[in-house]
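Here the structure is laid out as structure tokens; the discussion comes afterwards.
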Amino acid sequence: MSSFDEADAFDAASVPLSQRAMQSARPAPYLDGLNPAQREAVETLDGPVLMLAGAGTGKTRALTARIAHLMTQGKARPNEILAVTFTNKVAREMKERVSSLLGQTVEGMPWLGTFHAICVKLLRRHAELVGLKSNFTILDTDDQIRLLKQLVVAESIDEKRWPPRQLAGIIDHWKNRAWTPAKVPTSEAGAFNHRGTELYDYYQQRLKALNAVDFGDLLLHMVTIFQDHPDVLAQYQRWFRYILVDEYQDTNVAQYLWLRLLAQGHRNICCVGDDDQSIYGWRGAEVGNILRFEKDFPGAKVVRLEQNYRSTPHILAAAAGVIDANKGRLGKTLFTDLTEGERVRLIGHWDGEEEARWIGEEVESMSRGTRGMEPVSLDDQAILVRASHQMRAFEDRFLTIGLPYRVIGGPRFYERLEIRDAMAYFRCAVSPDDDLAFERIVNTPKRGLGDKAQQKIQRAARDNGTTLIDGARILLADKGLTGKGAAELRVLVDGLARWHRMTRDPDQSHIELAEVILEESGYTAHWQNDKTPEAPGRLENLKELIKALEQFENLQGFLEHVALIMDNETEEGGAKVSIMTLHAAKGLEFPAVFLPGWEDGLFPSQRSMDESGLKGLEEERRLAYVGITRAERVCTISFAANRRVYGQWQSALPSRFIDELPEAHVEVLTPPGLYGGGYGAAGMASSASPAIMAASQSDLHDRAGRADVYNSPGWRRLQERSSQRPMRQPSEQRNMTIDLDAVSSFTDGDRVFHKKFGYGTVMAIEGDKLDICFDKAGQKKVVAKFIVDADRADDVPF
DNA sequence: TCATCTATGGTTTTT
DNA sequence: CCATAGATGA
């Protein structure tokens, strides 16, 4: 593993610690500008510390300053500090910030990383204690499910009624709680048709046999090792003088145990978090961990960071009003020095498409600058949704009006089909015994090796007690396979052997090798021959993958890295408005934030409430809190009375969270088309007269209590109507104004290409918008500038 | 073995 | 409605 240099990680320098303090006669510059609370959090170095850091209170700043302080005070060498984060991105940013605070590149911090990355390092050193070899492979979710599927099928369980995916979820859940098969409590015995525990046990055996681990194992194995081998634990307890944990409210039981075990040495643990931002309960995070901190670490110092540097007072007050409804909080009151600012804006719409239309226009008008306000760049605006399916309405709309956008948190780079395939090839080349990888690529691209041929290979391997690749060799030698399939398999097996030799050649550039593998295996050609619209993008991604190799010394190091890494944010092009889920937005901030879809059932999500009751509702509320607190200057909340869900029209009530918004901090905008604003929604945003807005606002606000949209005449009317069927089909729009300058050069029947939708045929033309029937994506209206002739698909103007 | 049809089910997501 | 996975026929 290339990023891990053992010598560096554990090299105890000969100079005594006390003398290794960086001579700092000058006052530490990293303390400049910290407020008293931050300063306390930075300077309280010894003993347990809980840093309760509200949204936008300079948490990262305090955390990095603390690390800098530890080093300059000579409290610990960089390699004696354990600093844990949840994402690689945050880990990387922290490293950068510490370096810049100290004004020099710190001799790396080998133990600053994600839980998983750190556990990989540790587990490689002690793999044998849990029956693994130190070169174990890390399975991704896909491999995990395929493995479980094999088990389920082998046990002749009906995989329809008992999907392997579900079993994967159950096992994950158990691993999150640090339960080995033997430790799964009897209360769980009914899981997966009473076979859950048993299958979990088989699965673990299978993993061991494959010398593989899944993500959950990384933590679980380390906890097991620490618990069963006190000598090993003691070594690390001694080594890690200071421990820092980011986003502590998101830790699960396994992570909690792991931390607690390590912290029992020096007891210098600083956990940073915000119970109000705990939004990952559904994947095993335990808010209880942070709520219990003072009990776990008696005498802990609790520091509250409450000065907010991000949002206006109205936004903070609105957020506070919502989160206040939750019980059992540790409690923080955010305040700000700012005095100016708009109230949180609230607007209701007839349906989801109108909401998208309105937001589209609002985004545009904000980026242009409106009502005497400074323009807000598209980069500074974000639409935060509860569920990713809500994104489509916005994508469709923005595509139509030609508003540049980016979707954050789509399929992760390393999760993409082509990347996983390519990785599987690399894995096979590096370790010929990686059966799961071989299974993945044996018939990708198609080699005429279908189920039957693969079963033969499996049998040959099993009968000879060897790997699949060797099984394939034996099968070929025995003439157990003939014809085209055999020839292709021969080529593949020979290729793999050759590539494997090349991985061992120190003179062989791994980058070239990777290209050779993808080329010779026919994988590149496979996508070149593919005419689907996504093929060019996939080839692009493969190029990216090759480029990413440059940062590594060899394929092994790269594979290691990619198994754990996720962020691949290649950003190009001009300013774009961001669309993402609320979960993805945590930790980010934007001057202008839109929060659509605040309807009961959607947000808070019905499923959360059904499955987790009050706990679920409270987590949803924290999500609302996270959403509002992302906004720096303008926060716009909206809801729609009707929404098409799975093709059916459904009406909904505004979210109960809307009732929780304190009236004094909310401005209710005219629900276009429903209340006071005439018929059309289009045009309301940018051209609504201030008088109308003001009138509607005072009308609604003169009422006692909350900014209660329920009681607005428009809302009532809407309610009455929505109990029936929507009157107006949402996609039916007024005639577009034809902009003569923009009239396109296309005519009906032209074959065209669109970057996202692929190839299609022009059906109709309306001004600068084309009605196109796409081969794959169906009929859509798209602005002409995003379209090119089909034969010029290479220079799409994106 | 591959392409096309049909049924199914459908938050949130990192590692 | 729409994406996707598994079953079915060529």
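None of the values given here were measured: they were computed from a predicted structure. So you know, we letter chains A, B, ... as the sequences are listed, proteins then strands, and number each from 1.
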Inset, instruction - Report the relative orientation of the aromatic rings in Phe603(A) and Trp598(A); use parallel for angles under 30°, tilted for 30 to 60°, perpendicular for over 60°. - result: perpendicular
Legend entry - Residue whose closest nucleotide on DNA chain B lies nearer the 5' end, Ala387(A) versus Phe115(A): Ala387(A)
Inset, instruction - Assign Arg386(A) to base, sugar-phosphate, or nothing according to its heavy-atom contacts below 4.0 angstrom with the strands shown. - result: base
Legend entry - Rounded interatomic separation in angstrom, taking NZ from Lys615(A) and C1' from dT12(B): 16 Å
Inset, instruction - Would you mind classifying the nucleic acid contact of Glu620(A) as base, sugar-phosphate or nothing, using non-hydrogen atoms under 4.0 angstrom? - result: base
Legend entry - Listed nucleotide nearest any side-chain atom of Lys446(A), set dG10(B), dC2(B), dT13(B): dC2(B)
Legend entry - Separation between the P atoms of dA5(C) and dT12(B), rounded to whole Å: 16 Å
Inset, instruction - Indicate, with a heavy-atom threshold strictly under 4.0 Å, whether Ser605(A) touches base, sugar-phosphate, or nothing. - result: base
Legend entry - Closest listed nucleotide, where the reference is the side chain of Lys452(A) and the choices are dT13(B), dT1(B), dA3(C): dT1(B)
Inset, instruction - Choose from dG10(B), dT13(B), dA3(C) the nucleotide whose nearest atom is closest to any side-chain atom of Arg607(A). - result: dG10(B)
Legend entry - Between dC1(C) (P) and Arg643(A) (CZ): distance, integer Å: 18 Å
Inset, instruction - Rounded off to whole Å, could you give me the CD-to-P distance for the Gln390(A) and dT12(B) pair? - result: 9 Å
Inset, instruction - Could you state the atom-to-atom distance from NE2 of His389(A) to P of dT4(C) in whole Å? - result: 15 Å
Inset, instruction - Inspect the contact between Lys59(A) and Asp274(A) and indicate whether a charged nitrogen and a carboxylate oxygen are less than 4.0 angstrom apart. - result: no
Legend entry - Closest to side chain of Trp282(A), choosing from dC2(C), dT13(B), dG10(B): dT13(B)
Legend entry - Asp143(A) bridged to Arg146(A) by N-O distance under 4.0 Å: yes
Legend entry - Comparing Ala453(A) and Ser612(A) on DNA chain B - which has the more 5′ nearest nucleotide: Ala453(A)
Legend entry - Length of the line joining Gln650(A):CD and dC1(C):C1', which is rounded to integer Å: 12 Å
Inset, instruction - Pick base, sugar-phosphate or nothing for Leu449(A), based on heavy-atom distances below 4.0 Å to the nucleic acid. - result: sugar-phosphate
Inset, instruction - Check the distance between dC1(C)'s P and Gln648(A)'s CD and give it to me in whole angstrom. - result: 9 Å
Inset, instruction - Kindly assign one of parallel, tilted or perpendicular to the pair Tyr280(A) and Trp282(A), based on the angle between their ring planes and the thresholds 30° and 60°. - result: tilted
Inset, instruction - Give the nucleotide from the list dA3(C), dT13(B), dT12(B) with an atom nearest to the side chain of Ala584(A). - result: dT13(B)
Inset, instruction - Verify whether the ring centers belonging to Trp258(A) and Tyr256(A) lie closer than 6.0 Å. - result: no
Inset, instruction - Using the C1' atom on both, measure dT13(B) against dC2(C) and round to a whole Å. - result: 22 Å
Inset, instruction - Could you tell me whether Asn443(A) contacts a base, only the sugar-phosphate backbone, or nothing, with contacts defined as non-hydrogen atoms closer than 4.0 Å? - result: sugar-phosphate
Legend entry - Rounded distance in Å - CD (Glu619(A)) to P (dT12(B)): 14 Å
Inset, instruction - Give the C-alpha distance, both sets of side-chain angles, the deciding distance and a yes or no for side-chain contact (heavy atoms from CB on, under 4.5 Å) between Arg124(A) and Phe136(A). - result: CA-CA 8 Å; Arg124(A) 295 242 182 256; Phe136(A) 58 81; 3.6 Å; yes
Legend entry - Distance, rounded to the nearest Å, where Leu588(A) contributes CG and dT13(B) contributes C1': 15 Å
